[in-house]
Amino acid sequence: MTGKEVCRYIDLVDRRVFIISHAGVDWKPEYAVELEAIDMELAELRRKVDQEHGRKQEERKEERKEEVKENETTDHSDSESQRISNQCSDQKRNPGCDGERHPVQRKCPCC
């Protein structure tokens, strides 16, 4: 949608709200004809609004796909760094160590 079409749509909606809010004592017969013309033009512009929303949704889907791909590569490198951090730091000092991190042995707080 162009900026001009967006402004026209907003102006029509504003005018329609004005007419509807003045229904009753302030009602003028020409409002009925104007309201009908507004509704027809809004229907045409509504198709363009819907197309624009669809286009934006497709763009967001593509962005999300790209984010997922980026996260997958990031997650892979994170899992590699996690694997490395899970290795035992005593491996060089303890020849019997299998390389995996040993569970932390905690002492009782009383001791």
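Just so you know, these numbers come straight off a predicted model, no measurement behind them.
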(message) Within this structure, what is the CZ-CZ distance for the pair R55 and R60, rounded to the nearest 0.5 Å?
(response) 10.0 Å
(request) Report the distance from atom CG of D39 to atom CD of E34, rounding to the nearest 0.5 Å. (result) 10.5 Å
(request) Identify the heavy atoms of I38 and L12 that sit nearest to each other, and give their distance. (result) CG2-O, 3.7 Å
(message) If I compare all heavy atoms of V6 with all of M1, which pair ends up nearest, and what's the gap?
(response) N-CE, 3.8 Å
(message) Could you walk me through whether E58 and K61 satisfy the salt bridge (charged side-chain N to carboxylate O under 4.0 Å, His left out) test, starting with their C-alpha distance in whole Å, then the side-chain angles of each, then the deciding distance to 0.1 Å, before giving a yes or no?
(response) CA-CA 5 Å; E58 288 300 317; K61 283 180 185 178; 3.7 Å; yes
(request) Decide yes or no on side-chain contact (heavy atoms from CB on, under 4.5 Å) for K4 and R8, but give the supporting numbers first. (result) CA-CA 6 Å; K4 188 176 181 180; R8 180 66 180 153; 5.8 Å; no
(message) Please say yes or no: joined through hydrophobic side-chain contacts below 4.5 Å, possibly via intermediate residues, are I19 and V33 part of one cluster?
(response) no
(message) If hydrophobic clusters are built by linking Ile, Leu, Val, Met, Phe, Trp and Tyr wherever their side-chain heavy atoms come under 4.5 Å apart, do F18 and M40 end up in the same one?
(response) no
(request) Let me know which of K48, H53, R46 forms a side-chain hydrogen bond (donor to acceptor under 3.5 Å, both in side chains) with D50. (result) R46
(request) Please work out which of the three classes, parallel, tilted or perpendicular, describes the rings of W27 and Y31, given edges at 30° and 60°. (result) perpendicular
(message) Other residues, nucleotides and ligands only: do more than 12 of their heavy atoms fall within 6.0 Å of CD on E36?
(response) no
